[in-house]
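This report refers to the structure that appears directly beneath it.
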Amino acid sequence: MREFLAVYLKGFSMGAADVVPGVSGATIALIVGIYDRLIRAITAIDPRSFRPALRPHDPEARTQLRTELERMDIPFLITLGLGISTAIVVLSRVMHGAATTYPVPTYGFFFGLIAASAVVLYGEVETWTAGRVVVSLVAIVLAFLITGITAGGASHGVLMVFIAGAVAICAMVLPGVSGAFFLLILGQYEYMTGVLSEFVDGLIGLLNGDALAPVLEAGSVVAVFGVGAVIGLFTMAHAVGYALDRYRAATLAFLVSLMVGALRLPFVEATSNLGTSPAGTPTIAVVAGLIGAAAVLLVDWYTDDLEY
(Lines give C-alpha, C1' and ligand atoms only; values in the text may rest on other atoms or scores of the structure.)
Protein backbone atom coordinates (compact mmCIF):
# COMPACT_ATOMS: atom_id res chain seq x y z
CA MET A 1 0.00 0.00 0.00
CA ARG A 2 2.89 2.35 0.76
CA GLU A 3 4.41 1.67 -2.65
CA PHE A 4 1.01 2.24 -4.30
CA LEU A 5 0.64 5.59 -2.53
CA ALA A 6 4.21 6.64 -3.38
CA VAL A 7 3.79 5.85 -7.08
CA TYR A 8 0.37 7.54 -7.12
CA LEU A 9 1.80 10.74 -5.61
CA LYS A 10 4.68 10.71 -8.07
CA GLY A 11 2.14 10.36 -10.87
CA PHE A 12 0.17 13.28 -9.44
CA SER A 13 3.29 15.45 -9.51
CA MET A 14 3.95 14.41 -13.13
CA GLY A 15 0.39 15.24 -14.13
CA ALA A 16 0.60 18.61 -12.40
CA ALA A 17 3.68 19.46 -14.44
CA ASP A 18 2.14 18.31 -17.72
CA VAL A 19 -0.86 20.60 -17.30
CA VAL A 20 1.49 23.59 -17.59
CA PRO A 21 3.43 24.25 -20.84
CA GLY A 22 7.15 24.23 -20.10
CA VAL A 23 8.09 21.73 -17.40
CA SER A 24 7.34 18.19 -18.51
CA GLY A 25 6.06 15.23 -16.56
CA ALA A 26 9.14 13.35 -17.72
CA THR A 27 11.34 15.92 -15.95
CA ILE A 28 9.40 15.30 -12.74
CA ALA A 29 9.83 11.55 -13.31
CA LEU A 30 13.57 12.19 -13.35
CA ILE A 31 13.40 14.18 -10.12
CA VAL A 32 11.39 11.52 -8.26
CA GLY A 33 13.54 8.69 -9.62
CA ILE A 34 11.10 6.71 -11.80
CA TYR A 35 12.06 7.85 -15.31
CA ASP A 36 14.03 4.71 -16.22
CA ARG A 37 11.31 2.44 -14.86
CA LEU A 38 8.66 4.40 -16.78
CA ILE A 39 10.50 4.10 -20.10
CA ARG A 40 11.16 0.38 -19.55
CA ALA A 41 7.49 -0.20 -18.76
CA ILE A 42 6.25 1.74 -21.79
CA THR A 43 8.60 0.03 -24.22
CA ALA A 44 7.82 -3.40 -22.73
CA ILE A 45 4.10 -3.15 -23.56
CA ASP A 46 3.14 -5.61 -26.29
CA PRO A 47 -0.55 -5.97 -27.22
CA ARG A 48 0.06 -9.64 -28.09
CA SER A 49 0.86 -10.30 -24.44
CA PHE A 50 -2.80 -9.71 -23.54
CA ARG A 51 -4.03 -12.66 -25.62
CA PRO A 52 -4.40 -14.96 -22.56
CA ALA A 53 -7.12 -12.58 -21.36
CA LEU A 54 -9.33 -14.01 -24.10
CA ARG A 55 -9.36 -17.32 -22.18
CA PRO A 56 -10.34 -16.30 -18.63
CA HIS A 57 -11.75 -19.76 -17.93
CA ASP A 58 -8.31 -21.35 -18.44
CA PRO A 59 -6.17 -21.39 -15.23
CA GLU A 60 -2.98 -21.63 -17.29
CA ALA A 61 -4.01 -18.60 -19.34
CA ARG A 62 -4.73 -16.60 -16.18
CA THR A 63 -1.30 -17.48 -14.80
CA GLN A 64 0.34 -16.53 -18.09
CA LEU A 65 -1.54 -13.23 -18.17
CA ARG A 66 -0.49 -12.41 -14.60
CA THR A 67 3.14 -13.12 -15.52
CA GLU A 68 2.94 -10.87 -18.59
CA LEU A 69 1.32 -8.05 -16.63
CA GLU A 70 4.10 -8.18 -14.07
CA ARG A 71 6.75 -8.32 -16.80
CA MET A 72 5.32 -5.18 -18.43
CA ASP A 73 4.99 -3.52 -15.00
CA ILE A 74 1.31 -2.83 -15.67
CA PRO A 75 0.38 -2.33 -11.98
CA PHE A 76 3.00 0.42 -11.83
CA LEU A 77 1.70 2.07 -15.01
CA ILE A 78 -1.92 1.90 -13.84
CA THR A 79 -1.09 3.43 -10.46
CA LEU A 80 1.06 6.11 -12.05
CA GLY A 81 -1.66 6.80 -14.61
CA LEU A 82 -4.24 7.25 -11.86
CA GLY A 83 -2.04 9.86 -10.21
CA ILE A 84 -1.41 11.67 -13.51
CA SER A 85 -5.12 11.61 -14.38
CA THR A 86 -6.14 12.96 -10.98
CA ALA A 87 -3.76 15.90 -11.30
CA ILE A 88 -4.91 16.69 -14.83
CA VAL A 89 -8.59 16.58 -13.85
CA VAL A 90 -8.06 18.76 -10.78
CA LEU A 91 -5.63 21.29 -12.24
CA SER A 92 -6.99 21.60 -15.78
CA ARG A 93 -9.97 23.50 -14.33
CA VAL A 94 -7.58 25.94 -12.65
CA MET A 95 -5.51 26.43 -15.79
CA HIS A 96 -8.56 26.83 -18.02
CA GLY A 97 -9.95 29.48 -15.69
CA ALA A 98 -6.62 31.29 -15.61
CA ALA A 99 -6.18 31.23 -19.40
CA THR A 100 -9.69 32.54 -20.07
CA THR A 101 -10.08 34.99 -17.18
CA TYR A 102 -6.50 36.28 -16.89
CA PRO A 103 -4.97 35.68 -20.34
CA VAL A 104 -2.22 38.29 -20.10
CA PRO A 105 -0.41 37.01 -16.96
CA THR A 106 -1.20 33.38 -17.84
CA TYR A 107 0.24 33.52 -21.35
CA GLY A 108 3.06 35.72 -20.13
CA PHE A 109 3.86 32.96 -17.64
CA PHE A 110 3.67 30.37 -20.45
CA PHE A 111 6.02 32.49 -22.57
CA GLY A 112 8.60 32.55 -19.78
CA LEU A 113 8.27 28.81 -19.17
CA ILE A 114 8.70 27.89 -22.83
CA ALA A 115 11.50 30.38 -23.53
CA ALA A 116 13.55 29.29 -20.51
CA SER A 117 12.96 25.62 -21.34
CA ALA A 118 14.29 26.24 -24.85
CA VAL A 119 17.42 27.93 -23.49
CA VAL A 120 18.07 25.06 -21.08
CA LEU A 121 17.50 22.33 -23.66
CA TYR A 122 19.64 24.01 -26.31
CA GLY A 123 22.49 23.45 -23.85
CA GLU A 124 21.95 19.69 -24.29
CA VAL A 125 23.08 19.95 -27.92
CA GLU A 126 26.84 19.82 -27.45
CA THR A 127 27.91 20.18 -31.08
CA TRP A 128 26.13 22.14 -33.80
CA THR A 129 26.61 20.80 -37.30
CA ALA A 130 25.21 22.26 -40.51
CA GLY A 131 22.55 19.55 -40.57
CA ARG A 132 21.40 20.31 -37.03
CA VAL A 133 21.21 24.03 -37.80
CA VAL A 134 19.03 23.27 -40.83
CA VAL A 135 16.80 20.97 -38.74
CA SER A 136 16.43 23.73 -36.13
CA LEU A 137 15.52 26.37 -38.70
CA VAL A 138 12.93 24.08 -40.27
CA ALA A 139 11.40 23.39 -36.84
CA ILE A 140 11.27 27.10 -35.94
CA VAL A 141 9.55 28.00 -39.21
CA LEU A 142 7.17 25.05 -38.91
CA ALA A 143 6.12 25.92 -35.35
CA PHE A 144 5.84 29.61 -36.23
CA LEU A 145 3.51 28.86 -39.14
CA ILE A 146 1.40 26.34 -37.19
CA THR A 147 0.93 28.67 -34.22
CA GLY A 148 0.04 31.47 -36.62
CA ILE A 149 -2.87 29.34 -37.78
CA THR A 150 -3.90 28.06 -34.34
CA ALA A 151 -3.69 31.51 -32.76
CA GLY A 152 -6.42 32.61 -35.16
CA GLY A 153 -8.67 29.73 -34.14
CA ALA A 154 -7.77 26.07 -34.53
CA SER A 155 -10.10 23.28 -35.58
CA HIS A 156 -11.45 21.12 -32.77
CA GLY A 157 -12.70 18.32 -34.98
CA VAL A 158 -12.41 14.65 -34.17
CA LEU A 159 -9.22 14.19 -36.21
CA MET A 160 -7.47 17.16 -34.60
CA VAL A 161 -8.38 16.04 -31.08
CA PHE A 162 -7.15 12.52 -31.91
CA ILE A 163 -3.84 13.89 -33.24
CA ALA A 164 -3.48 16.12 -30.18
CA GLY A 165 -3.80 13.10 -27.89
CA ALA A 166 -1.28 11.09 -29.91
CA VAL A 167 1.25 13.93 -29.92
CA ALA A 168 0.79 15.03 -26.31
CA ILE A 169 1.53 11.54 -24.97
CA CYS A 170 5.09 11.87 -26.32
CA ALA A 171 5.84 14.16 -23.39
CA MET A 172 6.09 11.01 -21.24
CA VAL A 173 9.47 10.29 -22.84
CA LEU A 174 10.70 13.87 -23.32
CA PRO A 175 12.27 15.59 -20.30
CA GLY A 176 11.84 19.33 -20.84
CA VAL A 177 8.87 19.22 -23.25
CA SER A 178 5.37 18.95 -21.76
CA GLY A 179 2.17 17.55 -23.14
CA ALA A 180 0.54 20.93 -22.49
CA PHE A 181 3.10 22.53 -24.80
CA PHE A 182 2.07 20.26 -27.66
CA LEU A 183 -1.58 21.09 -26.99
CA LEU A 184 -0.70 24.77 -27.00
CA ILE A 185 1.11 24.60 -30.32
CA LEU A 186 -1.82 22.71 -31.87
CA GLY A 187 -4.32 25.23 -30.52
CA GLN A 188 -6.06 22.66 -28.31
CA TYR A 189 -4.94 23.75 -24.84
CA GLU A 190 -7.83 25.97 -23.79
CA TYR A 191 -10.31 23.74 -25.61
CA MET A 192 -9.22 20.47 -23.97
CA THR A 193 -8.91 21.91 -20.46
CA GLY A 194 -12.39 23.38 -20.91
CA VAL A 195 -13.89 20.14 -22.23
CA LEU A 196 -12.37 18.13 -19.39
CA SER A 197 -13.83 20.57 -16.86
CA GLU A 198 -17.24 20.30 -18.52
CA PHE A 199 -17.02 16.50 -18.45
CA VAL A 200 -16.23 16.44 -14.73
CA ASP A 201 -18.96 18.99 -14.01
CA GLY A 202 -21.40 16.85 -16.00
CA LEU A 203 -20.52 13.75 -14.01
CA ILE A 204 -21.03 15.63 -10.76
CA GLY A 205 -24.29 17.02 -12.12
CA LEU A 206 -25.61 13.51 -12.73
CA LEU A 207 -25.57 12.98 -8.97
CA ASN A 208 -27.91 15.95 -8.67
CA GLY A 209 -30.25 14.68 -11.36
CA ASP A 210 -28.95 16.80 -14.25
CA ALA A 211 -29.20 15.71 -17.89
CA LEU A 212 -26.90 13.09 -19.39
CA ALA A 213 -26.40 14.92 -22.69
CA PRO A 214 -23.57 17.26 -21.51
CA VAL A 215 -21.65 14.25 -20.16
CA LEU A 216 -21.96 12.38 -23.45
CA GLU A 217 -20.97 15.43 -25.50
CA ALA A 218 -17.85 16.28 -23.49
CA GLY A 219 -17.09 12.61 -22.79
CA SER A 220 -16.95 11.78 -26.50
CA VAL A 221 -14.21 14.39 -26.97
CA VAL A 222 -12.28 13.11 -23.95
CA ALA A 223 -12.62 9.55 -25.29
CA VAL A 224 -11.25 10.52 -28.73
CA PHE A 225 -8.32 12.26 -27.06
CA GLY A 226 -7.72 9.19 -24.89
CA VAL A 227 -7.77 6.83 -27.87
CA GLY A 228 -5.25 9.07 -29.63
CA ALA A 229 -3.05 9.01 -26.53
CA VAL A 230 -3.16 5.20 -26.31
CA ILE A 231 -2.28 4.76 -29.99
CA GLY A 232 0.40 7.45 -29.70
CA LEU A 233 1.88 5.55 -26.76
CA PHE A 234 2.49 2.53 -29.01
CA THR A 235 3.65 4.52 -32.04
CA MET A 236 4.84 8.10 -31.66
CA ALA A 237 6.32 7.72 -28.17
CA HIS A 238 8.32 4.71 -29.38
CA ALA A 239 9.42 6.62 -32.48
CA VAL A 240 10.56 9.61 -30.42
CA GLY A 241 12.39 7.31 -28.00
CA TYR A 242 14.12 5.61 -30.95
CA ALA A 243 15.09 8.98 -32.44
CA LEU A 244 16.52 10.13 -29.11
CA ASP A 245 18.58 6.94 -28.83
CA ARG A 246 19.94 7.07 -32.40
CA TYR A 247 19.95 10.78 -33.26
CA ARG A 248 19.81 12.46 -29.90
CA ALA A 249 21.36 15.83 -30.79
CA ALA A 250 19.36 16.33 -34.00
CA THR A 251 16.12 15.26 -32.30
CA LEU A 252 16.70 17.63 -29.40
CA ALA A 253 17.56 20.44 -31.80
CA PHE A 254 14.30 19.86 -33.66
CA LEU A 255 12.13 19.64 -30.53
CA VAL A 256 13.67 22.66 -28.83
CA SER A 257 13.38 24.72 -31.98
CA LEU A 258 9.68 23.87 -32.10
CA MET A 259 9.48 25.58 -28.73
CA VAL A 260 11.19 28.68 -30.07
CA GLY A 261 8.87 28.95 -33.05
CA ALA A 262 5.84 28.28 -30.86
CA LEU A 263 6.60 31.34 -28.69
CA ARG A 264 4.52 33.21 -31.25
CA LEU A 265 1.30 31.87 -29.74
CA PRO A 266 1.67 32.95 -26.07
CA PHE A 267 3.08 36.28 -27.29
CA VAL A 268 0.04 36.90 -29.50
CA GLU A 269 -2.40 35.75 -26.81
CA ALA A 270 -0.82 38.00 -24.18
CA THR A 271 -0.43 41.13 -26.33
CA SER A 272 -3.86 40.85 -27.95
CA ASN A 273 -5.52 40.84 -24.52
CA LEU A 274 -3.67 43.83 -23.06
CA GLY A 275 -6.04 46.24 -21.35
CA THR A 276 -8.96 43.81 -21.12
CA SER A 277 -8.71 43.62 -17.32
CA PRO A 278 -6.83 45.26 -14.43
CA ALA A 279 -4.37 42.34 -14.62
CA GLY A 280 -3.87 42.85 -18.34
CA THR A 281 -0.93 45.25 -18.32
CA PRO A 282 2.48 44.88 -20.02
CA THR A 283 4.21 45.03 -16.63
CA ILE A 284 2.20 42.11 -15.28
CA ALA A 285 2.88 40.13 -18.46
CA VAL A 286 6.63 40.70 -18.11
CA VAL A 287 6.64 39.83 -14.39
CA ALA A 288 4.65 36.65 -15.06
CA GLY A 289 7.11 35.72 -17.80
CA LEU A 290 10.06 36.22 -15.47
CA ILE A 291 8.38 34.05 -12.82
CA GLY A 292 7.84 31.30 -15.42
CA ALA A 293 11.45 31.48 -16.57
CA ALA A 294 12.69 31.40 -12.97
CA ALA A 295 10.60 28.29 -12.28
CA VAL A 296 12.20 26.42 -15.19
CA LEU A 297 15.71 27.54 -14.25
CA LEU A 298 15.10 26.39 -10.67
CA VAL A 299 14.02 22.94 -11.87
CA ASP A 300 17.04 22.80 -14.19
CA TRP A 301 19.37 23.67 -11.34
CA TYR A 302 17.80 20.97 -9.18
CA THR A 303 18.06 18.31 -11.89
CA ASP A 304 21.44 19.36 -13.31
CA ASP A 305 23.22 16.26 -12.00
CA LEU A 306 20.54 13.81 -13.17
CA GLU A 307 21.00 11.81 -16.36
CA TYR A 308 18.48 10.24 -18.72
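Bear in mind that the values here come from a model prediction, so they are computed numbers and not experimental data.
Nearest approach of Ala118 to Val260, heavy atoms of both residues: CB-CG2, 3.9 Å. What you find for Ala143 and Ala262 is that their closest heavy atoms are CB-N, 3.6 Å.
A donor-acceptor pair is defined here as one N or O able to donate and one able to accept, closer than 3.5 Å; no such pair exists between the side chain of Thr79 and the backbone of Phe4. Although no hydrogens or angles enter the test, the distance criterion places no donor-acceptor pair under 3.5 Å between the side chain of Tyr189 and the main chain of Val20. Of the possible donor and acceptor atoms, one in the side chain of Asp58 sits under 3.5 Å from a partner among the backbone N and O of Glu60.
Each of Leu196, Val195, Val158 was evaluated against Val221; a single residue qualifies, Val195, per the side-chain contact (heavy atoms from CB on, under 4.5 Å) test.
Residues meeting the side chain to side chain donor-acceptor pair (under 3.5 Å) test with Arg71, sequence neighbours left out: Ser49, Glu68. Thr276 pairs by the side-chain contact (heavy atoms from CB on, under 4.5 Å) definition with Asn273, not counting sequence neighbours. Residues forming a side chain to side chain donor-acceptor pair (under 3.5 Å) with Thr251 (at least two apart in sequence, or on another chain): none. Every residue two or more places apart in sequence or in another chain was checked for a side chain to side chain donor-acceptor pair (under 3.5 Å) with Glu198, and none qualifies. Partners of Ala164 according to the side-chain contact (heavy atoms from CB on, under 4.5 Å) rule, which considers only residues two or more places apart in sequence or in another chain, are Leu183, Leu186, Gln188, Phe225.
Here ring pair (Phe, Tyr, Trp, His ring centres under 6.0 Å) pairs that include residues 248-282, with residues two or more places apart or in two chains, number zero. Sequence neighbours left out, the pairs with a member in residues 84-93 that pass side chain to side chain donor-acceptor pair (under 3.5 Å) are Tyr8-Thr86, Arg93-Asp201. Residue pairs meeting the ring pair (Phe, Tyr, Trp, His ring centres under 6.0 Å) criterion with at least one partner in residues 118-145, sequence neighbours excluded, are Tyr122-Trp128.
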Exercise. Where do Met192 and Val161 land on the side chain to side chain contact (heavy atoms under 4.5 Å, CB included) test, with the steps shown first?
Worked result: CA-CA 8 Å; Met192 286 308 304; Val161 171; 4.2 Å; yes

Problem set entry | CA sep, side-chain torsions, deciding dist, call: Leu80, Leu38, side chain to side chain contact (heavy atoms under 4.5 Å, CB included) | CA-CA 9 Å; Leu80 193 71; Leu38 174 62; 3.7 Å; yes

Exercise. Thr127 and Arg132: side chain to side chain contact (heavy atoms under 4.5 Å, CB included), yes or no, with the steps?
Worked result: CA-CA 9 Å; Thr127 305; Arg132 291 168 189 169; 3.8 Å; yes

Exercise. Could you go step by step and tell me if Ile185 and Leu265 meet the side chain to side chain contact (heavy atoms under 4.5 Å, CB included) rule?
Worked result: CA-CA 7 Å; Ile185 195 175; Leu265 192 144; over 6 Å; no

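Here OG1 of Thr271 is found 10.0 Å from CZ of Phe111. Values are rounded to the nearest 0.5 Å. One distance of note links CD1 of Ile45 with CD1 of Ile74; it measures 4.5 Å at 0.5 Å rounding. Between Arg62 atom CZ and Leu65 atom CG the span is 10.0 Å, to the nearest 0.5 Å.
Put simply, Ile146 and Leu258 are part of the same group of oily side chains (I, L, V, M, F, W, Y) that touch within less than 4.5 Å, one to the next. Val256 and Val133 fall within a single hydrophobic cluster, where Ile, Leu, Val, Met, Phe, Trp and Tyr are joined by side-chain heavy atoms under 4.5 Å apart, directly or via other members.
Comment: Asp73 does not engage Arg40 in a salt bridge, judged by the lack of any side-chain N to carboxylate O separation of less than 4.0 angstrom.
Counting non-hydrogen atoms of other residues, nucleotides and ligands closer than 6.0 Å to CZ of Phe199 gives a total above 12.
Within the hydrophobic cluster formed by Ile, Leu, Val, Met, Phe, Trp and Tyr side chains joined at under 4.5 Å, directly or through other members, Val104 is accompanied by Leu274. If you chain together ILVMFWY residues whose side-chain heavy atoms come under 4.5 Å of each other, Val141 ends up grouped with Leu145. Other members of the cluster containing Val286 are Leu290, with ILVMFWY side chains joined at under 4.5 Å, either directly or via other members. Side-chain heavy-atom separations under 4.5 angstrom define the hydrophobic clusters, and the remaining members of the one that includes Val138 are Val134.
Residues Leu255 and Leu121 form no side-chain contact, since every pair of their non-hydrogen atoms from C-beta on lies 4.5 Å or further apart.
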